[in-house]
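Written below as structure tokens is the structure these notes are about.
Hydrogens, waters and symmetry mates are skipped; everything else that's a heavy atom, side chains included, is used. In what follows, every chain begins at residue 1, and chains take the letters A, B, ... in the order their sequences are listed.
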Amino acid sequence: MDLNFSAADVAFREEVRAFIRDSYPQYLNDKIDEGEEMAKEDFLAWHKVLAAKGWIAPAWPTEYGGTGWTATQRYIWSEETARADCVRLMPFGLSMVGPVIYTFGTPEQKAKYLPRILSGEDWWCQGYSEPGSGSDLASLRTRAERFTGEDGKEYYRVNGQKTWTTMAQHADWGFFLVRTDPAAKMQEGISFLLIDMKTPGITVRPIITLGGEHEVNEVWLEDVIVPVENRVFHENKGWTCAKFLLAHERTGIAGVAASKRSVERIKQVARNTEDGGDPLLANPFFKRKIAELEVDLAALEYTELRTLAGESSGKGPGPESSLLKIKGTEIQQRLTELALEAAGTYGAPYFRSMGEGDNSFAVGPDSARRAAPVYFNMRKTSIYGGSNEIQRNIIAKMVLGL
Amino acid sequence: MDLNFSAADVAFREEVRAFIRDSYPQYLNDKIDEGEEMAKEDFLAWHKVLAAKGWIAPAWPTEYGGTGWTATQRYIWSEETARADCVRLMPFGLSMVGPVIYTFGTPEQKAKYLPRILSGEDWWCQGYSEPGSGSDLASLRTRAERFTGEDGKEYYRVNGQKTWTTMAQHADWGFFLVRTDPAAKMQEGISFLLIDMKTPGITVRPIITLGGEHEVNEVWLEDVIVPVENRVFHENKGWTCAKFLLAHERTGIAGVAASKRSVERIKQVARNTEDGGDPLLANPFFKRKIAELEVDLAALEYTELRTLAGESSGKGPGPESSLLKIKGTEIQQRLTELALEAAGTYGAPYFRSMGEGDNSFAVGPDSARRAAPVYFNMRKTSIYGGSNEIQRNIIAKMVLGL
Amino acid sequence: MDFNFTEEQTMLRDSLSRYLANTYDFDTRQKTVRDGKGWNPAVWTAFAEELGILCAPFSEAHGGLGGGAVENMVVMEELGRAIVLEPYLNTVVIGGGALKAVGGAIADELIPGIIAGQVRIAFAAYEPQGRFHLNDVTTTLKGGQLNGHKAVVEGAAHATHLLVTARTGGGQRDTDGIALLLIPADSAGITRRDYLTVHGTSASEVYFENVAVGDAHVLAADALPLVERIVDEATVALCAEACGVLKVLHAQTLDYAKQRKQFGKAIGDFQVIQHRLVDMFMEVEQAVSMTMMATLKLDTPERAAAVSMAKAKVGKAAKFVGQNAVQIHGGIGITQELAVGHYFKRATLIENQFGSVDFHLSRYENLTLAA
Amino acid sequence: MDFNFTEEQTMLRDSLSRYLANTYDFDTRQKTVRDGKGWNPAVWTAFAEELGILCAPFSEAHGGLGGGAVENMVVMEELGRAIVLEPYLNTVVIGGGALKAVGGAIADELIPGIIAGQVRIAFAAYEPQGRFHLNDVTTTLKGGQLNGHKAVVEGAAHATHLLVTARTGGGQRDTDGIALLLIPADSAGITRRDYLTVHGTSASEVYFENVAVGDAHVLAADALPLVERIVDEATVALCAEACGVLKVLHAQTLDYAKQRKQFGKAIGDFQVIQHRLVDMFMEVEQAVSMTMMATLKLDTPERAAAVSMAKAKVGKAAKFVGQNAVQIHGGIGITQELAVGHYFKRATLIENQFGSVDFHLSRYENLTLAA
């Protein structure tokens, strides 16, 4: 039992720091400091630097383009990128469909999709949720009927509606859960399809969320024709991929490194915010909330490290990862609550276009500008990826045997 | 809408204050100040003063010995008795079986039992819970078989076991829920019996709780013979009495006036406790907990007053009283947590006999002596009278229609 | 003690409630939000002329109903139920409250204008550096000239008058030396930067540069105690608005939980959701109780402590009920489509308006809990 | 980074665990409690002679296992699982820790005695007025004479030595001028008032009246930094004990919820109980993580901050898990009959031992959060 980094790890950390210092696109930092939102090309700017370096997918097996880092090196990597406030990479290709493809895909699928995920050439989105199925994912109703095309090849004809499809407006490809056997019950009869988003019959409609963001979409599929070779794993066995992916999604979701960075930001804000002549950070109750967050964040961090240690000693990411999702998102939400509280009076102004003309200009401290929209937006974290209530159900059943 | 007391109410308050000042047995205050426990005769000392004055049962209808006070007068009464730290009256006769008897009893039952409850001559206990039935009261199994005695009269033969029977060791009478029709399901087939605790076949065995107290008991009933005229209301309809009584029990349970008094005590303790050279009350976090308690207590108080106003305008005590039970007991428990925290290091010593010889003497501040036992003991409040989980079920069903 | 409304108060509530149900549905409100002005003048005119609610708290001599804080509570709760954008709080409760308090010629002149919907007042008291502290005033009134910067002044863009605090003496956070002014919003030397607020009203940064202020515009010198009283009255009215908002949040969530099916049953059949809805219900009931309590104590020596208790409790309720309403709705709760998200936004802003939970707990402690 | 135990540590844990399962069941423990001495000397002898755990953190030169804080963590968690009464924390962790830190002749003399079970040490540092503040010392050592009163000294009645803080200079709460002494418990001038603690150990008020203290008994002058380090090590060990206690509380409650039937089903079938058990599980897991973290940081500059973080988190977990274990058990949980109530009592006392949650959060803030 030992928390110390080896000499090799220390050297690696120096290498990482130097790389970030030299190669991170500096203009992204400026955008973040001014509270601006990231656009697709901003995410890709960093993505492409990492792809060129070969560091874009540390978690992947080396044969598919992973870095071969140890768990400690990956921990150092996420610490350092968060410390430098690097933009987060979009997870849909790298953390979600990529692992599904290299785990369950055919050699052809691996050859076709994985390199384009690594390079950033393809932007992916996730077609899971439907209007009728929120946390109850398995109740999905999007249908895929198999037929033989005039060319003699096998196809699916897909009809249905997906929702909460993040970044679908930019996506080249989507991975979809569809029902291939309507007679089967619930989790059976579902298949996992890769669909080119330019296929005729796909309509993407924006959903505007409370902070005014266009992050998520409705995706309508009307007689969308998909070749059978775009199916990953067996027909009617897509739930296997879905479960694998959900567990995978939950590990990353703890977001420890990013939350650490957010705590530092809020401390800085509280140092610079006046409260009756003193810095807000001198207010014992505001300070106490920060201290409690730091304690809970450390508890999350060391619980994640213990989980990772368990994984590296052979146990896969188990249902315990639901703990990381619950506590990670609670902390993320508390951070946004603190930011809004720190903003005080200046939490009220709204600096985004209401959809008809942009009236944004700087009022109050920069840190306050996005406090309310981010607070509203982050309510999603306890809902998506299996709501925190569902995560508790999972722990109750899988860990506690209830 | 008006919070002011009328001139008559103010005069009444003065009358109450004078009466308490002149008539309250002073030695009881001394016992409380020294952290001593109340014995049966202590409760009765105050009871008898009130009985003599005719103020022992303010909530009862005047025809049975009530005071005829308005809701405001009763509020004043409970405020003033708490302010003066008067011992609480045992509820089993006055608040529980008394109202059942005057509501559901025969003229003979009323004549026989009510005067002796008022006078304090009879000490009552409650035979509801059984080892197998906690919150699920209706699953009780104590049997009462009806038979005709050799004297030609009708009797029940009662067999079974009750538990958590508070103060049964002192009781002259007990009111019991028993199953008179074993074939009926759950809430049906239950009858409400009044049983003389000196009847042969009754055994009372102490249960010692965590703080070392002997408050509750197991009561074993073995071929206990009870005359049929001791049954209140119809045979197999005892659940009607039980429901009535449970709702009645919940209103008193908010305990606002007593909790107000406890807050004042803790403030005094925190003023007198040192913490790094300052009074503990100057510690911002300890002070904040007190402030939050006072806020929540005010919210409870005004919610209770609104409920009482609703009752006096014709609505009976409804399922909303579950709110009073939940919030009232949460506050009572938080008060004991604060007292234990204030005790600091001196929360650890145990000053009661462990059952074999008494080694108690004064160490540390008086206020610390009973902090831990009272903290442990008060965990019962969220369990008894229908656990707080059950109260939430009741609100969900009866108020929210879920 | 009496917790019942008078017949007149009940009528006031019922007529306002009916009116809003008929004319102020969610889509109509959102149209006003999208228009980007932060209010709908026609609605305000209707409040004055058709409904006559703007007179609720004013004396009969001024053409009012002879009501007071309870009437404001009744009105504000109903406005909260419909998340109304128009400026009853700033104009009637705050502006009207200040005029009632000082009385005299200016009250006689302006209150009828408020009642008629012609006079609208914005409250320019908070400053960028001042957070929730009303005594933290750098705006100065010296030699009849007003200079300074007031932060997030709601309704300034459509106000006829500004109610302004300004320092005539003392240091930046001294409690004396603060005057309360009421000046025409179009006075020379006033500039504004207007924007919308998160919940759709308009607000402004207001800048004063050598604005000429005559004696007639000074409502009161050494006015901090008066300002605190006015803000206490406004805070209670805001609590009443919150009660309306929270009741709707709870009711909509309860309805949704009964209808929305997951895993083959209504989500309201899950015990965890049931208990959450019960906890929300209890928070709402207690918020209502505290709002009544504080309203009824406005004219007693306990005013400030009672108001801070109420705001602290209501602020916590707003967070708990708002967050859980969204959580139980799931994804649909954080879109612009459903009303619930907009009630959540209003509830969230109320948490910090006139001071956060911590601010009011500290104020309560300072008033009552000496060590 | 590595979170695995060594083979030796695993063996230590397993052998202790097996031993306690065989010899230290609940009824046996309660018999010791009822005996009223606060410990069972035969158990202590067995710990030393049969089991050999008292040597765990000592160097091989002193006859120990060559272990340290991790070994103490392993032992304390197992002792917590059986709510062991005997004085490992005071004698081995605190007394042993002090001796290891100062080294020299006195360590060479006494550590073998600890390992053999012959030397038992009680920690007389806290004072009646001092609450959790180790610097608040009125006990004085002047001219070789010790005078003062130490509060709630656990194990004093059966200790061979007392580890005492005493002021040699400075004011009552100054951080310098505090010496650390180790004196024979039977020195002339020491009197005690003995009592049991709430969870069944013994403790004493200890009074010093002109106790003669020679230079050989002064472990360190200006010793507050050393005392704080010793108490940090003890606090982490206490956290480990808490982890053992909480794991058992959770496991017993989970078992009970699976078996106990109400309303025709196991109470563990109710979703509200399920989620409560999940929340308890998460608290336990995080308490374990924080205990490991702090243990591994004891020899780093972050020691004090890490320990206070851990104790704050563990203290909250102790309250949450303890209270809910009782709540889910219902009435039977607050009787003396079931073990669960006694684990709850131990968990409750741990909350305040070496400082409450608030104390440690404030300490953490003072160390790391300058405004």
(message) For the backbone of D:Met292 and the side chain of A:Arg306, can you confirm whether one donor and one acceptor N or O come within less than 3.5 Å of each other?
(response)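 No, the answer is negative, given that no donor and acceptor are paired below the 3.5 Å cut-off.
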Structural part of [X] lying under 4.5 Å from a heavy atom of chain D:
{"X": "A:Leu280", "result": "neither"}
{"X": "A:Lys397", "result": "neither"}
{"X": "A:Asn283", "result": "neither"}

(message) Applying a heavy-atom distance below 4.5 Å, give me the residues of residues 304-319 of chain D that approach chain A, sorted by number.
(response)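 Residues of residues 304-319 of chain D touching chain A at under 4.5 Å: D:Met309, D:Lys313, D:Lys316.
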(message) Using a 4.5 Å heavy-atom cutoff, which residues in residues 277-284 of chain D come close to chain A?
(response) D:Leu277, D:Val278, D:Asp279, D:Phe281, D:Met282, D:Glu283
(message) The test is side-chain contact (heavy atoms from CB on, under 4.5 Å); show your working for D:Leu254 and A:Leu402 and say whether it passes.
(response) CA-CA 8 Å; D:Leu254 183 59; A:Leu402 285 166; 3.9 Å; yes
(message) Quick check for you: among D:Thr6, D:Val70, D:Thr368, D:Val288, which has the greatest number of heavy-atom pairs under 4.5 Å with chain A?
(response)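 Counting heavy-atom pairs under 4.5 Å, the top option is D:Val288.
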(message) Looking at chain A, which one of D:Ala266, D:Ala257, D:Ser362 has the largest number of heavy-atom pairs inside 4.5 Å, strictly under?
(response) D:Ser362
(message) Looking at every non-hydrogen atom in both residues, tell me the closest pair between D:Phe3 and A:Met1 and how far apart they are.
(response) O-CE, 3.5 Å
(request) Identify the heavy atoms of D:Ser289 and A:Thr303 that sit nearest to each other, and give their distance. (result)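 Shortest heavy-atom separation between D:Ser289 and A:Thr303 comes out as OG-OG1, 2.7 Å.
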(request) Enter the distance from A:Leu3:CG to D:Met293:CE here, rounded to the nearest 0.5 Å. (result) 8.5 Å
(message) If I take atom CG from residue A:Leu400 and atom NE2 from residue D:His250, how far apart are they, to the nearest 0.5 angstrom?
(response) 5.0 Å
(message) Does A:Asp2, at its CG atom, have more than 12 non-hydrogen atoms belonging to other residues, nucleotides or ligands within less than 6.0 Å?
(response) yes
(request) Find the one option among A:Thr70, A:Leu300, A:Leu305 whose heavy-atom pairs under 4.5 Å with chain D are most numerous. (result) A:Leu305
(message) With chain D as the partner, which of A:Glu301, A:Glu389, A:Lys327 has the greatest number of non-hydrogen pairs under 4.5 Å?
(response) A:Lys327
(request) May I ask you to list the residues in residues 284-297 of chain A that approach chain D closer than 4.5 angstrom, counting heavy atoms only, ordered by number? (result)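 A:Lys287, A:Arg288, A:Ile290, A:Ala291, A:Glu292, A:Glu294, A:Val295, A:Asp296, listed by number.
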(request) Identify which part of D:Tyr364 has an atom lying under 4.5 Å from any heavy atom of chain A, answering side chain, backbone, both or neither. (result) side chain
(request) List in chain and number order the residues that pass side chain to side chain donor-acceptor pair (under 3.5 Å) with D:Arg303, two or more places apart in sequence or in another chain; answer none if no residue qualifies. (result) D:Asp232
